[in-house]
Protein chains: 2
Amino acid sequence: MSSEEMSGRSATTAAQVRKDLSLFGSFGKRGLGYDVADLSERLKKILGLDRRWRVALVGAGRIGSALVEYGGFAERSYDVVAIFDSDPSKVGERWGGLRVRDISQFVSVAKDQGVEIVILAIPVEAVPSVMEYVEEAGVRGILNFAPTKLKVPERVAVKDVNMVMELEALSFALSQEDEEA
Amino acid sequence: MSSEEMSGRSATTAAQVRKDLSLFGSFGKRGLGYDVADLSERLKKILGLDRRWRVALVGAGRIGSALVEYGGFAERSYDVVAIFDSDPSKVGERWGGLRVRDISQFVSVAKDQGVEIVILAIPVEAVPSVMEYVEEAGVRGILNFAPTKLKVPERVAVKDVNMVMELEALSFALSQEDEEA
DNA sequence: GCATGTGAATTACTTCACAGCT
DNA sequence: AGCTGTGAAGTAATTCACATGC
């Protein structure tokens, strides 16, 4: 497949595809393009998707249930191995084969289970206290759904996700059109 | 509140806050900073959040249920007014006060209900056929959860969302650390 | 005196365009 | 001939730094 065809399938350009790939090495053959299977495998290795990652879900609320329900993670490289919440009425519930545990057990369970990534789906107010546990447990990456800037040691990687912001970007775009009209 | 304090609370810098705001006008007072209530109101207007937006959910699968369950939309400016799916076993189900309708009714219902934004939570294979309806109904914005590039007329705004990509960015970051070590 | 708003300087990203390999 | 990989050119975004107004 050529960089041209790849760009047609995604939201980018052929030059961009080539530049991005060139950052990590030389994957294609001139005159021919890229071997899909080979490229896929090499990219998986680069992205760290050639292994499984042990993930803990913190926050058994609506976003949390949405994510577990969604289930797309296991098909990828991510295994949700524990679920935590601070609400006593939720602790003990069974969620897809896992029991919701009390957040106070986070450090011991996370260490025991070798959790490397946390999906943080809790309200902003709960962030500071939960982050103490997360930090102590030596978690290395956080997918953060709370709309706040996390304070973490340098070694911890954070990715912020905020779906409402995406919707707001849409309504902004539409409002702009209205004004132009 | 000063641009300095705002930057501390979010993932940006004070200079960035001032530059971004200056694009839309002059909101602050020198020596004092920004009046939070005033700024909030003026930004809502700019972002088109001073009105309600009528939203249709297309795809009553896992992502769709997750989004409806999440419920954060209504608290914002978005009202989900209709839900569609093509699976006969799902059509007719009640989802939080709405009945799941067959996708074939999309055009008439969307026009009738004044749907402006569609949340597209369907598999990639289903995208082309569904997009015909969406286009015909005159929808103006799409929040796209399908991992494919939508072909839309220029007037339609599209925002792509892909949570797995965020997770992959995390595992990439962690893998990089491993290699440095 | 303090913090904005903004040109100027810097840094980052994207596109161009083509030499060089298949 | 076809398509990559990549310097060079061109855009865009961010940061600096300070004159200006509260």
Side-chain angles (χ1 to χ4, degrees), chain A residues 1-47 147-152 154 157-162 165-166 168-170 172-173 176-177 180, chain B residues 1-47 147-152 154 157-162 165-166 168-170 172-173 176-177 180:
Chain A
M1 187 185 293
S2 68
S3 57
E4 195 71 51
E5 189 177 351
M6 286 190 226
S7 70
R9 297 203 189 184
S10 50
T12 184
T13 64
Q16 193 70 67
V17 167
R18 296 203 300 279
K19 251 277 141 73
D20 287 355
L21 291 177
S22 78
L23 245 141
F24 296 102
S26 177
F27 302 103
K29 288 213 190 330
R30 294 169 195 230
L32 286 171
Y34 301 85
D35 180 291
V36 173
D38 175 59
L39 180 60
S40 167
E41 197 178 339
R42 292 173 71 181
L43 286 182
K44 272 185 188 148
K45 202 162 268 173
I46 290 166
L47 291 170
T148 187
K149 184 184 177 183
L150 302 183
K151 288 180 187 60
V152 294
E154 216 197 329
V158 177
K159 263 277 155 192
D160 294 301
V161 179
N162 189 341
M165 261 175 75
E166 308 290 340
E168 289 177 351
L170 263 189
F172 171 61
Q176 290 301 102
E177 288 174 16
E180 282 159 24
Chain B
M1 187 185 291
S2 68
S3 56
E4 194 71 51
E5 189 178 350
M6 285 189 227
S7 70
R9 296 203 191 184
S10 50
T12 184
T13 64
Q16 194 70 68
V17 168
R18 296 203 300 278
K19 252 278 141 70
D20 287 356
L21 291 177
S22 78
L23 245 139
F24 295 103
S26 177
F27 302 102
K29 288 211 191 332
R30 294 171 193 228
L32 285 171
Y34 301 86
D35 179 291
V36 174
D38 175 60
L39 180 61
S40 167
E41 197 178 337
R42 292 174 71 181
L43 286 182
K44 272 186 187 146
K45 202 162 268 171
I46 289 166
L47 290 170
T148 185
K149 184 185 178 182
L150 302 184
K151 289 180 187 59
V152 292
E154 216 197 327
V158 177
K159 262 279 154 189
D160 293 302
V161 180
N162 189 340
M165 261 174 75
E166 307 290 340
E168 289 178 352
L170 262 189
F172 170 61
Q176 292 300 102
E177 286 173 18
E180 281 159 23

Could you tell me the separation between the [atom1] atom of [X] and the [atom2] atom of [N], rounded to a whole number of Å?
X       : N     : atom1 : atom2 : answer
A:Phe24 : D:dG5 : CZ    : C1'   : 15 Å
B:Phe27 : C:dT4 : CZ    : P     : 13 Å
A:Asp20 : D:dT6 : CG    : P     : 13 Å
B:Leu32 : C:dG5 : CG    : P     : 11 Å
A:Leu21 : D:dT6 : CG    : C1'   : 13 Å
A:Leu23 : D:dT4 : CG    : P     : 17 Å

Rounded to the nearest 0.5 Å, what's the gap from [atom1] on [X] to [atom2] on [Y]? Could you check?
X        : Y       : atom1 : atom2 : value
B:Thr13  : B:Glu4  : OG1   : CD    : 9.0 Å
A:Leu21  : A:Tyr34 : CG    : OH    : 5.0 Å
B:Phe24  : B:Leu43 : CZ    : CG    : 8.5 Å
A:Lys149 : B:Thr12 : NZ    : OG1   : 8.5 Å

Practice task
Classify the side chain of B:Arg30 and the base of C:dT4 as holding, or not holding, a donor-acceptor pair under 3.5 Å.
Solution key: yes

Phosphate contact ([N] OP1 or OP2) by [X] side-chain N/O below 4.0 Å:
X       : N      : value
B:Ser3  : C:dA3  : no
A:Ser2  : D:dC3  : no
B:Tyr34 : D:dC22 : no

Distances for protein N or O near nucleotides 8-11 of chain D N or O, under 3.5 Å:
{"from": "D:dA8", "atom 1": "N6", "to": "A:Lys19", "atom 2": "NZ", "distance (Å)": "3.3"}

Fill in the blank from the handout: Taking every heavy atom of A:Lys159 against every heavy atom of B:Ala169, the minimum-distance pair comes out as CE-CB, 3.6 Å

Exercise for the section: Measure across B:Ile46 and B:Phe27 and return the closest heavy-atom pair with its distance rounded to 0.1 Å. Expected result: CD1-CZ, 3.7 Å

Problem - B:Asp160 vs B:Met165 side-chain heavy atoms within contact, under 4.5 Å - result: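 Contact flag for B:Asp160/B:Met165 side chains = no.
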
Problem - Residues touching DNA chain D, which here means a heavy atom under 4.0 Å, drawn from residues 4-18 of chain B - result: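 The stretch gives B:Thr13, B:Gln16, B:Arg18 as the residues lying under 4.0 Å from the strand, ordered by number.
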
Problem - B:Glu5 atom CD, neighbour heavy-atom count above 12 within 6.0 Å - result: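 Correct, the count exceeds 12.
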
Handout entry: All side-chain hydrogen bond (donor to acceptor under 3.5 Å, both in side chains) counterparts of A:Ser3, not counting sequence neighbours
Key =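 In terms of side-chain hydrogen bond (donor to acceptor under 3.5 Å, both in side chains), with neighbours along the sequence ignored, A:Ser3 is linked to A:Arg18.
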
